[in-house]
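A short worksheet on the structure shown next.
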2 protein chains.
Amino acid sequence: MPPSHGSESSPVLSQRAYEQVRAMVLDGVLPRDKRISETKLGKELGYSRTPVREAIQRLAREGLLVQRPSSGTYVVQPKLREIKDIYEVRLAVETMAASKAAKKRSEKCTKQLQACVVRMNRAIHRFRKSQKPVMQGKELAQYHAADEKFHQLILEAADNPFAQSIIMQGHVKQFIFGHQSHHRNLHHLAWLWLKHAQLARAIDRQDAADARRCMNRLIKASMRDAISQAKSKKA
Amino acid sequence: MPPSHGSESSPVLSQRAYEQVRAMVLDGVLPRDKRISETKLGKELGYSRTPVREAIQRLAREGLLVQRPSSGTYVVQPKLREIKDIYEVRLAVETMAASKAAKKRSEKCTKQLQACVVRMNRAIHRFRKSQKPVMQGKELAQYHAADEKFHQLILEAADNPFAQSIIMQGHVKQFIFGHQSHHRNLHHLAWLWLKHAQLARAIDRQDAADARRCMNRLIKASMRDAISQAKSKKA
DNA sequence: AACTGTAAACCTGTATACCGGTTTTTGCAA
DNA sequence: TTGCAAAAACCGGTATACAGGTTTACAGTT
């Protein structure tokens, strides 16, 4: 059959396929260690092979999928090693970003950071009222959303798209590993919240050195959490 | 005509196309601000569109090419802004790497670093004998090769592939911008060489703090050079 | 039932066809 | 010669065809 569909000019299908497959990976819809077939996936999504193939290649280069030669494509199973690597880079880049953000301090950014801090606080309050031992469900989702936004804002304020793209890439892979990478008891959350608040204040004061210090502690704490959780998961 | 060529199992053509096109970009064979046609380039290289298309997309994602929608693909023309961004990230990541390399110090790495320092020194000596005002030609190429190897070794010693890939990506784009980004007079080169030697020694001594400091100075100096050169180029 | 050789199914890498849109060329009129 | 519109060439996005390798299924043998 000759191809009868029309075509549009920008790579809309490739882009959509990319977004959809990415979401499928992040949502855990695609089983790990099971081959992903370009053809089949394409049929499921209603695209031909080409856009799906391009999406898969893109995701593989971003590190969400692995292509084992003469075997197939799989969802990646991050190793503890890689998580450490990512956190090291985050530590280096985000401390730089925090310092730069402090130097460039803008009214709008300060306000938005403060809003994130407030949202995190609200999530923690609700969690305390719930009397549960660890945060979970809606509170946890809100907390994480605010947390992620907080870091994103600082990256944006630092005004370095290259750095931003690097961190986003890392974030995504951490996500696959499991976004529950925090000790979620009240005490620890309160400590984290405090550090976020301090960081926001440091940026507001344009105290670059302090901003760097706060970010350093924040990320190191996250790294410890993620690593200890990864280890317990393995066992 | 039906496809008559056989096919091999790993993406060899895509890979070769990638390497070839990349080399063409870096060697400046492809004129800037001229459309690159998948079809035509494919014909030149002897491949069909598919491998070339994949190579081009890959290079575009790596930032060597830009794809302007409904216009075409071009060799990127890095902006001063982007060069700054890359150097900021290099500063953050490579200082981290230097510190980590010092902590992990290995005999082999130390030796290889020392060898690079020697090679840089030889290039500088030859340059001095040549009596030219600025380094160029073969000496410059040798100097740069040793310099690049030096930084690569440290990244390797830091043992963080994620960080390594980031820096390589940045390097490549700087290269397009023009690898002559150093003040190439004797005095400046001698200063740079000294800093490299100090850094190598700091790593040998396992003095992480000093390694970080040396790397910091080194990259900041490079950044200043690159920026001033970029500005003069524009004018 | 376990083993193995073979055929069918399938999957990826590659080549190519087609479409709508954009750019360039061409050919004709002012 | 210049201006401009129609046509031709081209280009990228998409769909599909094909080849060779790999995996899976299965039938026949022990």
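Here is the naming used below: chain letters follow the sequence lines, and residue numbers restart at 1 for every chain.
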Do the charged groups of B:Lys103 and B:Asp159 touch, with an N to O distance under 4.0 Å?
-> no
Please report, rounded to the nearest Å, how far the P atom of C:dC11 is from the CZ atom of A:Arg68.
-> 17 Å
Distance in angstrom units between A:Arg49 CZ and C:dA17 P, rounded = 17 Å
A:Lys100 with B:Glu88: basic N within carboxylate O range, under 4.0 Å = yes
How would you list, by chain and number, every residue that makes a salt bridge (charged side-chain N to carboxylate O under 4.0 Å, His left out) with B:Glu62, sequence neighbours excluded?
-> B:Arg58
Under 4.0 angstrom between B:Thr50 side-chain N/O and C:dT14 OP1 or OP2 = no
Let me know the distance between OH of A:Tyr47 and C1' of D:dT14, rounded to the nearest Å.
-> 13 Å
Measure the distance from CG on B:Leu13 to C1' on C:dT16 and round it to the nearest whole Å.
-> 15 Å
Please say which of A:Met120, A:Arg119, A:His144 ends up in a side-chain contact (heavy atoms from CB on, under 4.5 Å) with A:Lys149.
-> A:Arg119
Base, sugar-phosphate, or nothing for A:Ser14, non-hydrogen atoms under 4.0 angstrom?
-> sugar-phosphate
Which heavy-atom pair separates B:Ser14 from B:Ala55 by the least distance, and what is that distance?
-> O-CB, 4.3 Å
Short side-chain donor-acceptor distance under 3.5 Å, B:Glu94 and B:Tyr87 | no
Under-4.0 Å side-chain N/O to phosphate OP1/OP2 contact, B:Arg53 with D:dG12 = no
B:Gln15 CD to C:dT12 P, straight-line distance once rounded to whole Å | 18 Å
Which residues, if any, of residues 35-44 of chain B bring a heavy atom under 4.0 Å of DNA chain D?
-> B:Arg35, B:Ile36, B:Ser37, B:Glu38, B:Lys40
OH of B:Tyr18 versus P of C:dG13: gap in Å, rounded?
-> 17 Å
Residues two or more places apart in sequence or in another chain: which of them pass ring pair (Phe, Tyr, Trp, His ring centres under 6.0 Å) with B:Phe150?
-> B:His196
Can you tell me how far P of C:dG13 sits from CD1 of A:Ile56, to the nearest Å?
-> 10 Å
Let me know the distance between CD of B:Gln57 and P of D:dT14, rounded to the nearest Å.
-> 9 Å
